[in-house]
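Read through the structure below, which is laid out as structure tokens, and then see the notes.
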Amino acid sequence: ESVRLAFRHVMHRLVVNLSGNALTEDELSVAEVQLSGDMYCAAIVDFTNATAFADNSYMYGDENPPTRRGATTTFILVPQDIRPYSEKITITAGGQELTYTFPATLPGNEGTPPDTPRRLQSGRTLTLNLAINTANRSAAASAKPSTRATTTDDAALTLECTGIDVSAW
């Protein structure tokens with residue numbers, strides 16, 4: 001006789017997709033994506049109530065803060081509040097370090113005061129689509145990979161959020 005088991009994700013999944021006109025696919029594939037130290041990965045899980053909360057006594061183990069490589073990276077996080085303009089994602093690509101700061105409003109939180117915490121919810125996925133571009137697109141198209149991301153204004157990299165989505169996991 002079959003037994004039906006109920007299952008739902010307790011943790012939150014954060015996906016960061018990188019694209020843009022400044023870097024090649026090979027360069028994006030080795031980009032480093034790092035979360036700020038305020039975003040928790042370690043949790044205490046209550047299996048009876050199917051909940052999880054941050055365990056501040058164990059901060060990421062050997063990986064503090066959590067870091068991934070690639071054009072698409074995934075982080076499994078404890079459900080938690082994020083404050084607008086405080087938690088950040090740092091991307092190292094093309095020889096430059098770029099910072100993305102979470103906006104004041106995430107999808108589903110429109111109309112709340114700017115200082116209201118945003119919740120990374122249990123069983124949900126927050127997908128951030130970030131484009132790494134140059135101010136001068138023609139310079140990006142013609143530049144050799146070794147000359148991209150120099151300190152000149154024409155090749156300086158910029159980071160732009162091209163989309164945010166929250167979905168079920």
Side-chain angles (χ1 to χ4, degrees), residues 1-20 23 25 27-93 96-133 157-169:
E1 181 176 332
S2 63
V3 176
R4 183 175 171 96
L5 299 175
F7 176 81
R8 73 178 185 91
H9 289 279
V10 175
M11 301 294 274
H12 181 88
R13 180 169 55 186
L14 171 64
V15 177
V16 178
N17 295 317
L18 300 177
S19 64
L23 303 173
E25 286 183 30
E27 289 170 314
L28 287 174
S29 72
V30 296
E32 184 177 278
V33 180
Q34 183 179 64
L35 301 182
S36 67
D38 296 337
M39 299 186 80
Y40 303 111
C41 294
I44 296 175
V45 178
D46 178 347
F47 291 103
T48 304
N49 297 311
T51 59
F53 56 92
D55 179 4
N56 299 347
S57 65
Y58 180 74
M59 294 292 294
Y60 316 115
D62 294 333
E63 187 181 21
N64 185 16
T67 303
R68 305 282 185 273
R69 286 190 184 274
T72 297
T73 55
T74 301
F75 298 89
I76 305 301
L77 301 170
V78 178
Q80 60 193 283
D81 292 335
I82 56 172
R83 293 256 173 221
Y85 306 112
S86 61
E87 281 78 10
K88 297 174 175 30
I89 298 173
T90 302
I91 298 163
T92 305
Q96 289 189 23
E97 188 173 279
L98 305 161
T99 301
Y100 172 78
T101 304
F102 283 90
T105 303
L106 291 173
N109 292 303
E110 293 85 355
T112 59
D115 61 346
T116 302
R118 307 303 180 242
R119 186 86 183 147
L120 296 180
Q121 299 175 17
S122 175
R124 307 291 282 177
T125 298
L126 172 63
T127 301
L128 299 172
N129 297 311
L130 304 176
I132 300 172
N133 295 315
L157 299 181
T158 61
L159 187 63
E160 174 189 0
C161 181
T162 59
I164 299 176
D165 182 55
V166 177
S167 60
W169 181 355

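Taking CG of N129 as the start and CD1 of I164 as the end, the distance is 9.0 Å to the nearest 0.5 Å. For the atom pair CG of N17 and OG1 of T162, the computed distance is 8.5 Å after rounding to the nearest 0.5 Å. Taking CG of L120 as the start and CD of Q80 as the end, the distance is 5.5 Å to the nearest 0.5 Å. Atoms CD1 and CZ, from I89 and F75 in turn, are 7.0 Å apart once rounded to the nearest 0.5 Å.
Considering only residues two or more places apart in sequence or on other chains, T125 meets the side-chain hydrogen bond (donor to acceptor under 3.5 Å, both in side chains) condition with R13.
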**Request:** Determine, step by step, whether L14 and L35 satisfy the side-chain contact (heavy atoms from CB on, under 4.5 Å) criterion, reporting the C-alpha distance in whole Å, the side-chain angles of both residues, the deciding distance to 0.1 Å, and the verdict.
**Result:** CA-CA 10 Å; L14 171 64; L35 301 182; 3.7 Å; yes
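Closest heavy-atom contact between L28 and S19: CD1-CA, 3.9 Å. When all heavy atoms of A93 and A31 are compared, the pair lying nearest together is CB-CB, 3.9 Å.
Each salt bridge (Lys or Arg N to Asp or Glu O under 4.0 Å) pair with one or both residues in residues 69-78, not counting sequence neighbours, appears once here: E32-R69.
Proximity of I91 to E97: side-chain heavy atoms (C-beta onward) are nowhere separated by under 4.5 Å. Residues L159 and T99 have side chains not in contact (no heavy-atom distance under 4.5 Å, counting atoms from C-beta outward). Contact check for I76 versus W169: side-chain heavy atoms found under the 4.5 Å cut-off. Counting heavy atoms from C-beta on, the side chains of L77 and L126 never come closer than 4.5 Å.
Judged by distance alone, the side chain of H12 and the main-chain N or O of R124 form a donor-acceptor pair under 3.5 Å.
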